[in-house]
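In what follows, a structure is listed as structure tokens, so that the remarks can point back to it.
Both ligands and their constituent atoms are indexed starting at 1 by order of listing. Throughout, numbering of the chain's residues begins at 1 and tracks the sequence. A quick note: this is a predicted structure, and the numbers were derived from the prediction, not measured.
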Amino acid sequence: MQSQTLDIPADVTATLVDPRAYADDRIHDAYRWLRANNPLGIARPEGFDPFWVVTRHADILNVGRQNDLFHNADRPTTLTTKSLEARARELTGSPNLVRSLVQMDAPDHPKYRALTQGWFMPANLTKFEARVRAIARAAVEKMLATSGRCDFVNDVALHYPLHVIMEILGVPESDEPRMLMLTQQLFGPQDPDVSRAREQLTSEQFGAMITAIINDFGAYFAKITADRRASPRDDLASVIANAKVNGDYLPEHDITSYYMIVATAGHDTTSSSTAGAIWALAQDPAEFARVKANPELIPGLVDEAIRWMTPVKHFMRSATADTELGGRRIAKGDWLMLCYASGNRDETVFDDAFAFRSDRKPNRHLAFGYGAHLCLGQYLAKLEMRILFEELLPRLKSVALDGEMKMTQATFVNGPKKLPIRFEVN
Ligand code: HEM
């Protein structure tokens with residue numbers, strides 16, 4: 001039976017909206033408390049509209065699979081203050097500053113998704129496998145050249161997936177630092193180390209900062225669009241530039257948003273998961289030895305790292321009609337936070353949910369979401385990680401922490417931003 005108390009206590013609510021709590025274990029303590037005491041309650045933080053906090057695996061699946069009943073585009077798709085939402089509405093006429101796949105619903109969403117879906121399917125990705133392996137080998141060689149000590153995030157994990165997605169997209173290597181900076185600013189605006197502005201910003205300033213980042217992306221990709229329309233190549237940018245929906249090229253805002261999601265969704269998330277795996281192995285020599293001795297465990301290591309790290313902490317949905325969920329009455333228009341990182345530690349689904357186990361089977365994690373918006377890049381992410389570990393693990397004799405791991409402070413996408421390790425080479 002569901003708890004009668006709807007409202008989530010103020011301290012737990014404060015944790016949910018505090019970017020700093022995502023950089024340590026406080027967010028998992030809050031999720032654990034919610035799963036046990038109020039798995040589907042309402043948070044009413046100051047400055048935000050109230051929202052339901054969905055923390056159980058089963059309830060997240062239930063919302064994710066009902067895409068007509070729970071929309072993405074009607075309200076902000078990520079946790080957003082009231083004033084920032086108002087600013088977005090002023091600037092774009094919609095609650096979100098961008099209009100990429102995640103900010104769409106049917107009928108547009110399936111049409112836009114179909115434009116690139118084939119590119120991301122395993123049958124097409126096999127074409128890139130040799131190239132991805134070459135990029136992975138170069139990343140491993142660079143790491144090994146550090147003579148036994150490195151910051152795994154900055155020396156390996158950040159650049160490898162970025163390089164892969166930029167090659168697929170067709171962005172020249174010389175422009176990658178710019179893409180990396182823009183992505184970090186877009187996803188980490190709450191983190192003082194990666195933010196454009198280091199002091200606390202007002203919503204006006206924050207809105208202006210994000211708009212400037214979007215304009216930078218737009219200006220950059222406008223040139224790519226013109227080039228690929230004039231002379232299409234065998235790259236994903238050519239597919240996006242020349243795509244037509246209902247007989248027309250995509251409107252400018254949609255096309256920038258499309259490039260942005262492809263350029264940004266794939267590398268921070270994949271690098272956080274990759275770093276998460278090394279963090280786990282560096283803390284557990286027995287697990288490292290087990291995976292090293294049994295390379296067939298590598299796909300399991302990859303899945304477990306994605307579950308354990310869950311870089312995308314949440315997405316929001318809103319109800320299109322009155323309904324019932326997990327014993328609660330949800331009203332039309334209500335806003336819901338799908339806490340993927342909580343669902344991925346749900347004790348009723350995962351044995352010893354806080355432990356890292358490469359041999360976890362089954363591993364039905366929700367880190368890629370669920371339903372019509374299920375991550376388009378999931379096969380690419382898993383392929384990249386598998387290949388990196390196939391290249392890296394045979395070369396390593398040992399790996400250990402060499403200082404403190406630090407996570408980014410962000411309520412939406414986060415993961416390690418610093419992971420000092422020591423390692424010995426075979
Ligand atoms: C470990 C790495 C990754 C994680 C954890 C991750 C996670 C997610 C999540 C949670 C969603 C939203 C699902 C939902 O709302 O139900 C999503 C959507 C998406 N992801 Fe990923 N992702 C990863 C890698 C990638 C990569 C490599 C790409 C390649 C470009 C990518 C492209 C996308 C796109 C285009 C969408 C929007 C799909 C849609 O709305 O239809 N992701 N991802």
Within the structure, is a non-hydrogen atom of His109 found at a distance of less than 4.0 Å from ligand 1?
yes
Between Asp235 and Ser238, do the side chains contain an N or O donor and an N or O acceptor separated by less than 3.5 Å?
yes
Less than 4.0 Å between a side-chain N and a carboxylate O, is that true for Arg89 and Glu85?
yes
To the nearest 0.1 Å, how far is atom 26 (C) of ligand 1 from its closest protein heavy atom, and which atom is that?
Gly266 CA, 3.2 Å
Check each atom of ligand 1 against the heavy atoms of Phe315 and keep those under 4.0 Å away; list them by number with element.
11 (C), 12 (C), 15 (O)
Given 3.5 Å as the limit, does a donor-acceptor pair link the side chain of Thr256 with the main chain of Gly218, or not?
no
Under a 4.0 angstrom heavy-atom cut-off, which atoms of ligand 1 come close to Val102?
37 (C), 40 (O)
Starting from atom 23 (C) of ligand 1, find the nearest protein heavy-atom neighbour and note its residue, name and distance.
Thr269 OG1, 3.4 Å
Atom indices of ligand 1, in the order listed, that fall short of 4.0 Å to a heavy atom of Val312:
7 (C), 10 (C)
Atom indices of ligand 1 within 4.0 angstrom of Ser273 heavy atoms, with elements:
1 (C)
Would you call Ala367 a ligand 1 contact, heavy-atom distance under 4.0 Å?
yes
Of the listed options (Gln103, Arg113, Met309, Met385), which comes nearest to atom 38 (C) of ligand 1 when hydrogens are ignored and any heavy atom counts?
Arg113
Which protein heavy atom lies closest to atom 15 (O) of ligand 1, and at what distance to 0.1 Å?
Arg317 NH2, 3.0 Å
Over 60° means perpendicular and under 30° means parallel, so classify the ring planes of Phe221 and Tyr259, tilted if in between.
parallel
Please find the pair of heavy atoms, one from Pro311 and one from Thr269, that lie closest to each other, and give the distance.
CG-O, 3.4 Å
Ion pair Arg395/Glu391, N-O distance below 4.0 Å
no
For atom 6 (C) of ligand 1, grab the closest protein heavy atom and report residue, atom and distance to one decimal in Å.
Phe368 CD2, 3.7 Å
Is it true that the NZ or CZ of Arg178 lies under 6.0 Å from the centre of Tyr220's six-membered ring and within 45 degrees of the ring axis?
no
Return the closest protein heavy atom for atom 13 (C) of ligand 1 as residue, atom name and distance.
His373 O, 3.1 Å
Under 4.0 Å from any heavy atom of Ile165, which atoms of ligand 1 are there?
30 (C)
Nearest-contact summary for atom 37 (C) of ligand 1 - protein heavy atom, Å
Ile261 CD1, 3.7 Å
Taking it one step at a time, do Tyr160 and His163 satisfy ring pair (Phe, Tyr, Trp, His ring centres under 6.0 Å)?
CA-CA 5 Å; Tyr160 165 63; His163 196 50; 8.7 Å; no
Selection from Tyr258, Phe120, Tyr340, Trp119 by shortest heavy-atom distance to atom 29 (C) of ligand 1:
Phe120
Pair Arg290 + Asp359: basic N to acidic O under 4.0 Å
no
Looking only at protein heavy atoms, identify the closest one to atom 30 (C) of ligand 1 and say how far it is in Å.
Val262 O, 3.5 Å
Specify the protein heavy atom at minimum distance from atom 8 (C) of ligand 1: its residue, its atom name, and the distance to 0.1 Å.
Cys375 CB, 3.7 Å
Asp254 bridged to Arg99 by N-O distance under 4.0 Å:
yes
If the cut-off is 4.0 Å to any non-hydrogen atom of Ala265, which atoms of ligand 1 fall inside it?
24 (C), 25 (C), 31 (C), 32 (C), 33 (C), 42 (N)
Of all the atoms in ligand 1, which lie at a distance below 4.0 Å from a heavy atom belonging to Tyr370?
16 (O)
When you measure from the centre of the six-membered ring of Phe354, is the NZ or CZ of Arg345 under 6.0 Å away and within 45° of the axis?
yes
Within the 3.5 Å criterion, strictly below it, is a donor on Ser100 or Gln103 matched to an acceptor on the partner's side chain?
yes
